[in-house]
Amino acid sequence: MKTPHIYFAALLLCLAAACDRTASAPEGDAASAEAPKNLIYGIDADDYRIETGEIGRGETLGRILSTYGVGATDIDRLDRSSRELFPLRNIRAGHKYTAFIHEDSLHAPHLDYLVYERSLTEYVVFGFHGDSVSVRRDEKPCTLRRVKKSATISSSLWGAIMEQEMPYALAAELEDIYQWSISFFDVQKGDTFTVIYDERFIDDSVSAGIGRVWGAKFTQGKKETYAIPFRQGGKIQYWEADGASLRKQMLKTPLKYTRISSKFSYARFHPVHKVYRPHTGVDFAAPKGTPVHAVADGVVTFKGWGGGGGNTLKIKHANNMMTGYLHLSGFAKGIAQGSRVSQGQLIGYVGSTGTSTGPHLDYRVWKGGKPINPLAIPSEPSEPIAQENRAAFDYVRTRIMAELNGEVKEKERIVQLDSLVLPDAPAARTDADSTTAARTATR
């Protein structure tokens with residue numbers, strides 16, 4: 001027979017165990033509540049059956065929704081609710097969509113959300129909640145990866161980009177940066193370039209385009225042209241190593257993604273008239289409809305039919321310069337004789353009007369009424385780095401050039417341009433940020 005004190009001890013042990021279980025239960029519940037969810041587009045996917053599809057040619061969002069049982073009243077309500085944020089008519093064939101479906105107690109399916117992917121990173125969530133609807137635009141989380149790449153040109157800039165498996169968008173970005181300083185029609189086999197840029201990745205594996213270009217170096221023969229990012233006068237621009245702006249008074253060419261089919265000559269064999277005659281312009285072969293841009297600020301002095309030149313525009317610029325754009329298929333909206341245009345503004349489209357054997361742009365330049373070779377125009381740069389920003393620019397340039405030409409420690413890289421504090425510099429003001437205590441330069 002057990003003694004009373006043994007029973008009492010056993011009772012205490014049982015009570016202690018019960019208390020321990022009671023105390024630990026909330027921790028377990030909290031851990032369960034805090035467990036990471038399987039979020040897709042910000043929606044807990046574990047609560048739904050998920051179906052994916054692709055917008056077909058001529059297919060509407062209303063037709064897709066109706067296949068999931070969404071009625072005409074809700075579709076109309078959604079159409080009205082989404083007009084400001086994302087009009088339903090803006091969906092495009094080939095884009096993906098994802099449906100989130102739940103089943104009620106009778107196992108009948110109901111669509112709660114349909115997500116439309118606008119791009120690799122952007123999407124729209126359409127929600128159905130009883131008698132109400134919702135619309136939300138969002139982006140997939142991306143990580144940035146800093147990349148440095150070099151390539152040697154064998155045929156073209158685009159060819160080199162593809163050979164080195166760089167993002168295609170990088171070619172367009174480099175053309176934009178160097179459009180005043182380098183004619184990519186004149187690049188030669190053996191020319192090289194190095195570029196530093198941010199590449200966006202979804203889930204650390206799917207490339208989603210590029211971010212900022214942190215610097216570039218383009219080498220043609222013995223000539224090196226750097227592109228250093230720096231903000232002056234409230235906007236980011238790219239500058240040469242000596243602080244001169246890469247932006248010039250005139251663009252090198254008025255269009256992109258083309259080839260030169262005929263150069264400036266006083267004795268060119270005319271392909272239609274079969275005689276030698278002057279051709280005081282440059283022909284850029286390009287598909288019909290290719291955008292044509294003004295190479296500099298100016299005023300339209302002629303818009304109309306130019307005989308053998310077909311649809312023609314002439315623009316007068318500063319320094320007694322004039323440019324001409326011939327054989328256009330049409331003119332851009334708002335372009336009229338006497339109207340002012342800005343550098344880079346869309347003015348027309350490549351065509352084959354007038355005396356022409358195929359779609360191309362005949363681009364001409366005159367100075368003081370005399371024709372000059374458009375590919376050999378000396379162009380003065382825009383305003384250089386201001387003296388008060390010189391030390392900050394030198395700081396950025398030194399580190400960008402060091403990274404372009406070799407390897408640098410991560411802590412020595414330029415990773416932001418918002419408020420760079422120069423080492424061991426006295427307090428001073430810049431044109432971009434006059435409130436900082438140290439000498440700074442803004443992006």
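- In this structure, R92 contributes its side chain and N90 its backbone to a donor-acceptor pair below 3.5 Å.
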Requested in this report: Could you please spell out the steps behind the side-chain hydrogen bond (donor to acceptor under 3.5 Å, both in side chains) verdict for S352 and H327?
Outcome: CA-CA 5 Å; S352 188; H327 305 298; over 6 Å; no
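- Atom CZ of F86 sits about 11.0 Å away from atom CG of L78, to the nearest 0.5 Å.
- Between E407 and K148 there is a salt bridge, since a side-chain N of the basic residue sits under 4.0 Å from a carboxylate O of the acidic one.
- Across all their heavy atoms, S245 and E240 have their closest contact at O-OE2, 4.1 Å.
- Atom CG of D203 has 12 or fewer heavy atoms from other residues, nucleotides or ligands within 6.0 Å.
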Query raised in the report: Checking side-chain hydrogen bond (donor to acceptor under 3.5 Å, both in side chains) for the pair E199/S207: CA distance, chi angles, key distance, verdict?
Result: CA-CA 7 Å; E199 187 169 2; S207 178; 2.6 Å; yes
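- For H129 and Y113, the ring centers are positioned less than 6.0 Å apart.
- Between Q345 and V341, the shortest heavy-atom contact is OE1-CA, 3.3 Å.
- The neighbour count for Y168 OH, taken as heavy atoms of other residues, nucleotides or ligands under 6.0 Å away, does not exceed 12.
- Side-chain atoms of T353 never come within 3.5 Å of backbone atoms of S329 as a donor-acceptor pair (strictly under, hydrogens ignored).
- Rounding to the nearest 0.5 Å places OH of Y238 at 9.0 Å from CG of L174.
- Taking each heavy atom of R146 and D198 in turn, the nearest pair found is CA-OD1, 3.7 Å.
- Y363 and F284 have tilted rings, their planes meeting at an angle from 30° to 60° on a 0 to 90° scale.
- Applying the 6.0 Å contact sphere to NZ of K367 captures more than 12 heavy atoms from other residues, nucleotides or ligands.
- A salt bridge links E117 with K140: at least one charged nitrogen is closer than 4.0 Å to a carboxylate oxygen.
- Between Y97 and Y116, a ring centre-to-centre spacing not shorter than 6.0 Å is recorded.
- Salt-bridge annotation for K256 and D176: present, with a side-chain N of the basic residue lying under 4.0 Å from a carboxylate O of the acidic one.
- Take E103 and apply the salt bridge (Lys or Arg N to Asp or Glu O under 4.0 Å) test, not counting sequence neighbours, and it matches R49.
- Look at R364 and D362 and you find a salt bridge, because one of the NZ, NE, NH1 or NH2 atoms lies within 4.0 Å of a carboxylate O, short of that distance.
- Cation-pi geometry between K314 and W366 is met: the NZ or CZ atom falls under 6.0 Å from the ring centre, inside 45° of the normal.
- In this structure, F126 and L88 have side chains that are in contact, with non-hydrogen atoms separated by less than 4.5 Å.
- Atom CG of D104 is surrounded by more than 12 heavy atoms from other residues, nucleotides or ligands within 6.0 Å.
- In this structure R145 satisfies the salt bridge (Lys or Arg N to Asp or Glu O under 4.0 Å) test with no other residue, sequence neighbours excluded.
- In terms of modelled atom types and a separation under 3.5 Å, the side chain of Q232 and the main chain of P384 share a donor-acceptor contact.
- Expressed to the nearest 0.5 Å, how far CG of L170 lies from CD of E175 amounts to 10.5 Å.
- Ion pairing between E403 and R413 holds under the 4.0 Å rule for side-chain N and carboxylate O.
- For the side-chain hydrogen bond (donor to acceptor under 3.5 Å, both in side chains) with Y226, the qualifying choice from D242, T194, N405 is N405, the only one to do so.
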Report task. Would you please test F218 and F184 for ring-ring contact (aromatic ring centres under 6.0 Å, His included) and show each step? Result -> CA-CA 11 Å; F218 205 95; F184 287 98; 5.5 Å; yes
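- H102 places no side-chain N or O within 3.5 Å of a backbone atom of F100 that could act as its donor or acceptor partner.
- Taking R390 as the reference, D394 meet the salt bridge (Lys or Arg N to Asp or Glu O under 4.0 Å) condition, with sequence neighbours excluded.
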